[in-house]
Amino acid sequence: MTVYHFVGIKGTGMSALAQILHDMNYEVQGSDIENKVFTQNALEARNIKILPFAKENIKEGLTIIAGNAFPDTHPEIEEALNLGLPVIRYHRFLGEFMQMYTSVGITGVHGKTSTTGLLSHVIRGAAPTSFLIGDGTGNGIPNSKYFAFEACEYRRHFLSYKPDYAIMTNIDFDHPDYFTNLEDVFSAFQEMALQVKKCIIACGDDEQLQQIHAKVPVVYYGFGDENDFQARNVVKSTDGTSFDVFVRNTFYASFKITTYGDHSVLNALSVIALCHYEGIAVEIIQQRLQTFEGVKRRFNEKRVGNQIIIDDYAHHPTEINATIDAARQKYPDRDIVAVFQPHTFTRTQSFLEEFAESLRKADYVYLCDIFGSARENVGKLSIESLLEKIDNSHLIDEKDTSVLKKHERAVLVFMGAGDIQKYQEAYEKVLA
């Protein structure tokens with residue numbers, strides 16, 4: 001039996017896929033950088049072997065699953081090709097794998113990970129479900145009926161997938177290092193829509209998604225009256241959100257979720273619509289929605305002394321707005337302090353004004369240096385370019401985060417897609 005060797009096993013999608021194959025009794029190992037990454041915890045818990053990158057790792061009998069971040073010139077991939085071993089890119093392997101199940105691909109520029117986590121939690125209350133979440137979480141059940149997975153639009157990787165269902169949360173301009181403009185992003189989603197085999201569940205409040213054409217039914221959800229699945233009578237409180245769902249203007253059921261903000265209602269609506277389409281009992285949906293505990297790096301909070309500390313992946317102005325709104329709903333009587341690390345120079349440059357506007361929603365703002373990526377380590381602008389646009393904002397350094405102590409009883413929201421956690425960890429050490 002072949003051994004699957006993952007080149008870049010600590011990547012969020014790669015780690016999750018390795019966990020799924022391991023759970024399904026395949027032999028799995030992988031290689032990556034030696035630095036500690038949060039995704040490796042789940043691999044280590046399963047005793048999956050993680051090796052440092054080295055071409056000596058590649059031996060006869062391996063099937064190579066290659067992470068999309070690594071070119072064919074990577075020493076391990078090069079060695080595998082020289083030996084004539086099968087080398088399959090992550091997204092191509094996933095595209096083949098999902099054909100064995102009723103597959104649901106969750107895509108959109110924002111909200112993919114949270115929605116995939118929520119759907120996989122709800123739907124497995126009804127039937128065996130394997131799932132792959134973009135926070136590095138994977139779970140494989142050998143006799144699954146459903147396979148829920150996060151489908152990323154970056155570099156059009158999701159065009160390797162032909163799912164039974166697609167949930168489309170929104171279309172927005174992001175990844176300016178690859179997409180040229182909003183029309184370019186839309187064209188990728190349009191192409192993806194034509195590959196869906198049964199039904200698309202799309203947010204009807206999103207102007208771009210209203211233009212999507214497909215060969216299968218498109219079911220819309222949202223707050224607007226014209227949606228097939230509409231949320232009405234929304235009641236927001238400090239312990240969650242409740243709302244009624246109407247299906248084509250007929251009352252369906254009432255639901256309560258444990259999360260905050262309008263985006264959380266929309267995520268739940270998409271899951272409710274998918275489950276309704278699949279004939280899952282409303283009681284199961286209601287009960288499972290209330291036991292969802294969230295996903296990694298999405299509004300993960302802890303109380304330290306009198307302060308609330310939140311870790312969030314928000315790295316686009318739309319996401320920052322949603323995260324700050326959620327914090328205000330849960331903690332209406334506390335100051336909101338944003339600690340933000342921009343992710344990539346191209347994104348910061350493209351959305352400079354929008355970043356400033358979204359961060360101004362916080363009571364206080366602290367900015368960390370821009371986090372470059374493997375694709376681009378330097379840019380034309382610096383963090384000062386953003387600092388100048390936000391009154392009363394300050395730079396913060398990992399070596400001295402003690403200034404945050406002065407915000408007693410505040411909610412500190414650490415946001416970013418880079419290594420913002422190191423600033424949070426540094427601050428927690430100051431408090432210890």
Side-chain angles (χ1 to χ4, degrees), residues 1-98 100 130-140 142 149-150 152 154-157 160-161 177-178 296-297 343-344 371-378 417-419 421-422 425:
M1 187 164 129
T2 190
V3 176
Y4 287 106
H5 177 85
F6 284 70
V7 179
I9 196 167
K10 295 183 188 179
T12 50
M14 292 279 280
S15 168
L17 181 57
Q19 292 164 50
I20 290 167
L21 293 182
H22 172 272
D23 293 351
M24 292 182 167
N25 302 315
Y26 294 98
E27 202 173 330
V28 174
Q29 65 176 46
S31 55
D32 214 312
I33 56 171
E34 294 187 63
N35 293 8
K36 178 83 175 170
V37 180
F38 74 94
T39 53
Q40 73 193 68
N41 296 338
L43 298 170
E44 289 167 353
R46 288 169 166 84
N47 293 316
I48 293 172
K49 191 195 296 181
I50 307 172
L51 304 159
F53 281 136
K55 75 173 194 174
E56 290 73 26
N57 296 331
I58 307 304
K59 299 179 172 67
E60 295 292 343
L62 298 181
T63 292
I64 310 303
I65 300 179
N68 295 327
F70 305 98
D72 286 352
T73 51
H74 185 279
E76 291 195 0
I77 299 174
E78 213 166 43
E79 181 71 2
L81 293 169
N82 289 341
L83 292 174
L85 302 178
V87 177
I88 311 162
R89 286 287 168 186
Y90 163 82
H91 54 291
R92 299 214 178 281
F93 185 93
L94 194 55
E96 290 296 315
F97 178 80
M98 69 183 60
M100 296 185 280
S130 297
F131 56 87
L132 184 154
I133 308 173
D135 67 348
T137 305
N139 192 15
F149 69 99
E150 184 167 332
C152 183
Y154 184 58
R155 296 193 179 277
R156 289 174 162 77
H157 285 148
S160 295
Y161 311 144
D177 63 315
Y178 173 73
K296 294 187 196 110
R297 300 234 45 230
H343 184 254
T344 77
F371 182 89
S373 71
R375 298 184 296 275
E376 38 126 271
N377 284 316
V378 292
D419 57 5
Q421 297 107 313
K422 72 182 187 182
E425 286 161 12

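Just so it is clear, the model here is predicted, and its values are computed rather than measured.
- Smallest separation of non-hydrogen atoms from K36 and Q40: CA-OE1, 3.4 Å.
- Heavy atoms from other residues, nucleotides or ligands lying under 6.0 Å from CZ of R92 number 12 at most.
- Of the N and O atoms on the side chains of E425 and Q421, not one donor lies less than 3.5 Å from an acceptor on the other residue.
- Within 6.0 Å of the CD atom in E27, the count of heavy atoms belonging to other residues, nucleotides or ligands does not exceed 12.
- Without hydrogens or angle criteria, H22 side chain to R46 main chain gives a donor-acceptor distance under 3.5 Å.
- Atom CE of M14 sits about 7.0 Å away from atom CD1 of I9, to the nearest 0.5 Å.
- A side chain to side chain contact (heavy atoms under 4.5 Å, CB included) with E79 is found for one member of I58, I64, L85, N57 and no other, namely I58.
- Ring geometry for H157 against Y154 counts as perpendicular: the plane angle is over 60°, on a 0 to 90° scale with 30° as the lower cut.
- Take D135 and apply the side chain to side chain donor-acceptor pair (under 3.5 Å) test, not counting sequence neighbours, and it matches T137.
- The CG atom of N68 sits 8.0 Å away from atom OH of Y90, with the distance rounded to the nearest 0.5 Å.
- Within a 6.0 Å sphere centred on OH of Y178, heavy atoms belonging to other residues, nucleotides or ligands number more than 12.
- Taking the side-chain contact (heavy atoms from CB on, under 4.5 Å) definition, one finds that T2 meets it with Y4, T63, sequence neighbours left out.
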* Steps toward side-chain contact (heavy atoms from CB on, under 4.5 Å) verdict (K10, N35) -> CA-CA 10 Å; K10 295 183 188 179; N35 293 8; 5.7 Å; no

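- The CG atom of L94 sits 11.5 Å away from the SG atom of C152 when rounded to the nearest 0.5 Å.
- Residue Q19 forms a side chain to side chain contact (heavy atoms under 4.5 Å, CB included) with just one option from L132, L43, N139, and that option is L43.
- Listed by chain and number, the residues in a side-chain contact (heavy atoms from CB on, under 4.5 Å) with F53 are V7, S31, D32, I33, F70, H74, E76 (sequence neighbours excluded).
- Between H5 and the options Q29, K49, K59, a side chain to side chain donor-acceptor pair (under 3.5 Å) holds for only Q29.
- Separation of atoms CG (L21) and CZ (F6) is listed at 4.5 Å; rounding is to 0.5 Å.
- Shown here for D23 and G138, the closest heavy-atom pair between the two residues is OD2-O, 4.1 Å.
- Distance CZ/F149 to CE/M98: 3.0 Å, rounded to 0.5 Å.
- Across all their heavy atoms, G134 and T12 have their closest contact at O-CB, 3.2 Å.
- Around atom CD of E34, no more than 12 heavy atoms belonging to other residues, nucleotides or ligands sit under 6.0 Å away.
- Taking CD of E44 as the reference point, atom OG1 of T39 lies at 9.5 Å (rounded to 0.5 Å).
- Between S160 and R89, the closest side-chain pair of non-hydrogen atoms is not below 4.5 Å.
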